[in-house]
Each structure stands twice: as C-alpha cells, then as structure tokens.
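The chains referred to below are lettered A, B, ... by the order of the sequence lines, with proteins before strands, and numbering in each begins at 1.
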There are 2 protein chains.
Amino acid sequence: MALEHLFQGSALNAVDAKGRVSVPAFLRSVIERRGDARTIVLAKHDAFTCLSAYDPAYAALKHQKLERLLEKQETDPSAELDYARRTMMAFGATEEVPYDSSGRVILPPMMRRKGQVDDLALFIGVGETFQIWNPKLFLADPNVPEDMKDIARFRLEERGQ
Amino acid sequence: MALEHLFQGSALNAVDAKGRVSVPAFLRSVIERRGDARTIVLAKHDAFTCLSAYDPAYAALKHQKLERLLEKQETDPSAELDYARRTMMAFGATEEVPYDSSGRVILPPMMRRKGQVDDLALFIGVGETFQIWNPKLFLADPNVPEDMKDIARFRLEERGQ
DNA sequence: CTGTATGGCATGAAAATCCATTGTATCCCG
DNA sequence: CGGGATACAATGGATTTTCATGCCATACAG
C-alpha cells in the first residue's frame, strides 16, 4: 500500500521561453526508483493554486484510494456522484509528459495556465507527490505555512531574484 | 511500529569551509541498522534553534502516521487542507543528504542557516532522531537542561575551544 | 521558405568521490 | 603494567562527475 520512496525537498528552476523546465534530479531519482518510467503526470492541485505531479505508478495507487473511499461511504447516495467526479478529475484532467535525457519536461500550455506558472517553477516534495508552484503565488497564499515561505524566499535569494 | 534502534550519545565535529561535516560513527551505525540507506534527512527543529535529523526509514514512518490521520477524518473538508500543510512541512521543508565513504555530509546552505550552524556542529542523539546544534546556541538556550550543557562544555573543552 | 517544436550538445557551477594525513582509542605482546 | 602496533574516525585537499540551463541543429508544418 504505502510507497517506499518519498518525494522530499525543494528547488527553484527556470522555465525557458519554450516552456521547458528541469525536473530536479532528486525528484527524478524517486520516480525512477518507484518504477522504470521517465515521465511525470501533471494535474491541477485540489486545494492550492499550483500543480500536483507524480509518477505513473502513483496514479494506480490513487485509483485504489478512490475505490476504498467509495466503499466506505456506500450508504450515502451522493457518494456515487462524488466518486464519478473525483475519478474524472483524477484521470481526465491530467497530462502525462516525458522528460528528456537531461531531465527536462515541457509544461503543457493548459497546465501552465492552470497552475499559473510563469518563468520560475518552485518544486516542493510532499511525500507521495510533489507540487509545482509559481513562487509569487506561493508567497501570497495564506494557506501556506510561514516556514515554507521562508524556504521559498531562500530559494529566490539563492538565485538572486 | 516503533523503531528498534535508537540514536544516543553526543559528539562535537568541525564544519569545514565547504560545509562538510562528519556524522559521528555511532549515529551512522544506527542509521545503517534501521535500513540500508546511507543518507540523512535534515529539517529545522520545531521547538529549538537547531536541526532535527533522521534516516529515511523514519521519514516513511512519519508519512504513514499522517496518512492514517487523514483517513480517519476523510469526510471533514478542513482535514484535506490540514493534511496538505502537514505533508508540506514534513517533506517539503526537509533536505536529504547522502554521506560518503568517510561518513561526511555537506550541510545544505539553507539548513545551515535555519539551524544557524557555524564551524562547529554538536550532535545529540534523542532516540528516534538526533539533533545538530551550534554549540554556542546550545549553551545559550534557556530550555536546555544544565546537565546537557555540561556535556557540551566538556565536548568543547575536549577539543580545546 | 520561415516560424515553430524537439532533441542533442556545450558550459559553468556545484557536489559527489577519491586519496592522503592526522589524531585517537584499542589490542597484543613483551 | 607499559609501549608499540594497529585499526578506525575525523578532516583537509584535489579530482571527477553530475546538474541545470543556454545554445544550436534538425525536423516538420504552414
């Protein structure tokens, strides 16, 4: 059930004019230890103005989770509809993108818009998945803990921005 | 559930110009008995001005705890946000660093600043995790027991500092 | 052709690896 | 019990490798 390898850490990378961005090596290594894929799956995050990303192996796990959730609320008549909506979002509203030999992906324009990612991409590992943020929105979001914002500020400073 | 091998003891090691520091051998041996990793995970300590460190196996344990917590209160909409914040702190605010054959890690600049670690690193085993302190801050912290400070003073003296 | 996508290559910085030296605790044999 | 030998730990320095990213070459479409 639980995944052995977890995403953790943070990084701030540039998005070039073509919408390409390097997926940090420490995240790629987790992807490749979980399976043999060299692709990431992108989705709009449920709660935040950012993108949620993971490897194909996790997508299967997510499906199982939704199944279990449905079983738990079996008696509730609205559960069925809830399940239908969740699965639609979980699989329909995603895009899978490969990364090349140097670890770069092309952020699909739709996702880029959904996550409002501009010319800088802040990567945050959160265990089973990782997030991709516009650092400006990250700093402005009241739901993001202040300690996390400190990290974002450090990453920006480190880069001289 | 509980980890069998515990971190204990103390040591004072030098941090060189490149930010490298030896992880004491007695702590490394615990890490390697818990799993086969040769890396440590670093995070800012919740309460103290120091770093909290542990092995990847403990990080996985931490993750399972959060998962169970979420499943228990799945129906609550605010639980989702709470979970997101917790995982962000637990994984995003950390850095995983490997140690080489001679047992050294490089302290990432961000962590070095968060823990205010200068050219000396005081390691304190505290069971499931261990802490990394700037010895000066350790001695100045009113929340640290006097008996512990004696140990730090001894380590400093031992080193002629 | 010309503008646009996509893969491969080059570069500079940072980090992992290797080797060498020193210091310290331990062991063994006299 | 003492003293030298030995093994391991910590640390300094140098070298090799990896990473992020800019740049260019090729392909492909309008």
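In terms of polar N and O atoms assigned as donor or acceptor, the side chain of Arg20(A) never comes within less than 3.5 Å of the base of dG22(D) in a complementary pairing. Side-chain to base pairing of Lys18(A) with dT4(C): no donor and acceptor N or O lie closer than 3.5 Å to each other.
In this entry the distance linking CZ of Arg155(A) with P of dA14(C) reads 13 Å, nearest Å. Taking atom CZ of Arg104(B) as the reference point, atom P of dA9(D) lies 14 Å away to the nearest angstrom. Regarding Arg38(A), its CZ atom lies at a distance of 12 Å from the P atom of dG7(C), rounded to whole Å. Nucleotide dC8(D) holds its P atom 17 Å from the CG atom of Asp100(B), rounded to whole Å. Atom CD of Glu158(A) and atom P of dA20(D) are 12 Å apart (whole Å). Atom P of nucleotide dA16(C) and atom CD of Glu95(B) are separated by 11 Å, given to the nearest angstrom. Computed from coordinates, the Leu12(B) CG to dA9(D) P distance equals 18 Å when rounded to whole Å.
Ion pair Asp141(A)/Lys149(A) not flagged as a salt bridge, since none of the NZ, NE, NH1 or NH2 atoms sits closer than 4.0 Å to an Asp/Glu carboxylate oxygen. Between Asp150(B) and Arg153(B), at least one side-chain N (NZ, or NE/NH1/NH2) sits under 4.0 Å from a carboxylate O, which counts as a salt bridge. The pair Glu95(A)-Lys114(A) fails the salt-bridge criterion, with no side-chain N (NZ, NE, NH1 or NH2) lying under 4.0 Å from an Asp/Glu carboxylate O.
For the OP1/OP2 pair of dA13(C) and a distance below 4.0 Å, the side-chain nitrogens and oxygens of Arg159(A) include no atom meeting the criterion. Using a 4.0 Å cut-off, no side-chain N or O of Arg28(A) falls inside it from OP1 or OP2 of dT18(D).
Axis angle across the helix from dC1(C)-dG30(D) to dG30(C)-dC1(D), with five pairs used at each end and values rounded to 10°: 30°.
A 6.0 Å sphere centred on CZ of Arg85(B) holds more than 12 heavy atoms belonging to other residues, nucleotides or ligands. At most 12 non-hydrogen atoms from other residues, nucleotides or ligands lie less than 6.0 angstrom from CD of Gln8(B).
Below 30°, between 30° and 60°, or above 60°: for His45(B) and Phe48(B) the angle between ring planes is between 30° and 60°, a tilted geometry.
In this structure, Val23(A) reaches the sugar-phosphate backbone alone: every heavy-atom distance under 4.0 Å involves primed, P, OP1 or OP2 atoms, never a base.
For Asp16(B), counting side-chain heavy atoms from C-beta on, the closest listed nucleotide (dA16(C), dA9(D), dG12(D)) is dG12(D). Taking only side-chain atoms of Asn13(A), from C-beta outward, the nucleotide of dA20(D), dG13(D), dA10(D) with the closest atom is dA20(D).
Residue whose closest nucleotide on DNA chain C sits further toward the 5' end, between Ile106(B) and Ser101(A): Ser101(A).
Contact between Thr39(B) and Pro98(B) at its shortest, heavy atoms only, is CG2-CA, 3.6 Å.
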